[in-house]
Amino acid sequence: MIINHPKLGPRDAAEFTILGDASMLNRPDWQADNADDEFYTYVYLRDNPAGLHRELWFHEQGDRSWLVVTRDTITHDVVDVSLASNVALAAKSKKVTKTLNTKKTREKLKSKGQNR
Amino acid sequence: MIFKSLVNSIIPSDLMSKSSGKLHSSVLQQKKSFSLLQCLQQSNFIVGHVIARVDMRYSIWSLINQALTGNQGWKPAWREPEPKKNYQIIIIGGGGHGLATAFYLASRYGMSNIAVLEKGWIGSGNIGRNTTIIRSNYLLDGNEPFYEESLKLWEGLEQDLNYNAMISQRGIINLYHSDSQRDAYVRRGNAMRLHGADAKLLKLEQLRNMCPFLDFENARFPVMGGLLQARAGTARHDAVAWGYARAADQRGVDIIQNCEVTDFIIKDGACVGVKTSRGTITAGKVGVAVAGSTSRVMAKAGLRLPIESHVLQAFVSEGLKPVIPGVITFGAGHFYISQSDKGGLVFGGNIDGYNSYAQRGNLPVFEDVCQSGMAIMPMIGRARILRNWGGIMDMSMDGSPIIDKTPIDQLFLNAGWCYGGFKATPASGLCFAHLLARDEPHEVAKKLRLDRFRCGAMLDERGAGAQPNLH
């Protein structure tokens, strides 16, 4: 398999090690009330699809970057590759905008601005 | 002498002169019109009828009978029935485990209204893709009694099934390469013996006598000795599937091939049947034993499981004269090898490591496996590899299997065999049959629970944690 590294170009998959399902990027909140259920799901349960699968690969014998690789588990075709850090940051900013968009936070920010 | 006794029993006694054991002269005189062959065929007609009465039981007599009648009388080893509308129990998956489950349900739990549904043809999955090793050299209390039960069933399997599965207890040796590894093997050997299995620690000199071809002075991983389980060995994997299929079929089990389960019928939280490519079939209970396809099938019932599907490759070389006495495994890498009765070296190593539903792997692991082989037995370096293939392993989160009920009533699961499914076939079938028939786990499978991941009662032989590709 060839993994098309976003920064280094096409590299042999043998340079990488695989951790598993990219859902592992979404670590649950350990303080939540249902944290035990969430962590059970997070640590042990997998979709394990036949078809496209997003997974975490580590460029161990290269630039040591973490990648999110979208790969077909039936054909082994690599469909998409991106830096895991970018994926995580994008998810984080999405979460932030989500919190920004709630009514409460908007009002909070408003009142903060008035105080200034 | 053997031939004489065969002739004695085939040729009706009035044609034989009992005192001399030779053909009576009058028969010899009639040779022109009544040849010996005709005579044998005629008498075989009688023998054949006797055999037909015991439902085509395979024996030396059926073999001789067929040999002398041009092999025209062999019947298909199992029927190809149309699916009925309803069964007491449906087993999804016509592999080794599914067929074994059906066989034990019929033979030990007295059930007969059973169907085995297989998407392709029986034995088309991992039962025909493994490296044929049977053994019970496990450490943990939750595992060892189960695998020992399995090995005991292997020992009587051919008689139970009336089928030659070419079971050969030629022994397995796990090599150790360091002091700490020897200590670990001593511990494992003791655990095995405490559960009634056999284990023997081989010192260097004993091992040299048994396997002089090993690279004892390997600079990186010198061979220091091995853990021997003499009762372990190999079996012909296809014959195991066929034997179970035939024996189950004879006890009334419907084996339905080319029948893909497309959905479960779930009413009020209980599974009452399945939709298939050959119509809807209702059932009292449904058992799923589909190995690598477990997640795919169980997703239809809305379940997510602690399982990932991975590809494991296996390899076979050209046929050689006998060189490897039993099964040998490399302790410092992951490599196991045995020699088939045909002479081919059958070997394998690690899984590829990434999720896969393709029954083929990639070259880096191919190379790694061959390097591991060369590290312990450089003599195989010039053997040419004939074939390699892959199978899809249902890798569980702790490396141990699951035989349990599911959150859905009347739906039962047999999965998570990682790459140890073949050796477990008989006990897996027996314990799954027990669960299906009695609604409670078999004594030796009590710890193979589905909820052990939630409650923390893990069976992690390797201590690798929740990382399926490391088990």
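First the proteins, then the strands, lettered A, B, ... as listed; each starts at 1. Please read these numbers as outputs of a predicted model, since none were measured by experiment.
- Shown here is A:D29, whose CG atom has more than 12 heavy atoms of other residues, nucleotides or ligands within 6.0 Å.
- B:H97 places a side-chain N or O within donor-acceptor distance of the main-chain N or O of B:G421, the cut-off being under 3.5 Å.
- Between the side chains of A:Y44 and B:D398, no donor N or O sits under 3.5 Å from an acceptor N or O.
- In terms of non-hydrogen atom pairs under 4.5 Å with chain A, the most contact-rich of B:A466, B:P306, B:P468 is B:P306.
- The number of heavy-atom neighbours closer than 6.0 Å to CZ of A:R27, taken from other residues, nucleotides and ligands shown, is 12 or below.
- With a threshold of 4.5 angstrom between heavy atoms, B:N355 approaches chain A through its backbone and through its side chain.
- A:F16 and A:W57 have perpendicular rings, their planes meeting at more than 60° on a 0 to 90° scale where under 30° would count as parallel.
- Proximity to chain A is limited to the backbone of B:L305, based on heavy atoms less than 4.5 angstrom apart.
- Each of B:G353, B:A358, B:S396 has some count of heavy-atom pairs under 4.5 Å with chain A, and the biggest count is that of B:A358.
- The choice from A:D72, A:L19, A:V43, A:T75 that makes the most heavy-atom pairs within less than 4.5 Å of chain B is A:L19.
- Heavy-atom distances place the side chain of B:Q467, and not its backbone, under 4.5 Å from chain A.
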Full working for ring pair (Phe, Tyr, Trp, His ring centres under 6.0 Å) between A:Y40 and B:F453: CA-CA 8 Å; A:Y40 164 65; B:F453 302 94; 7.8 Å; no
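- Neither the backbone nor the side chain of B:M395 comes within less than 4.5 Å of any heavy atom of chain A.
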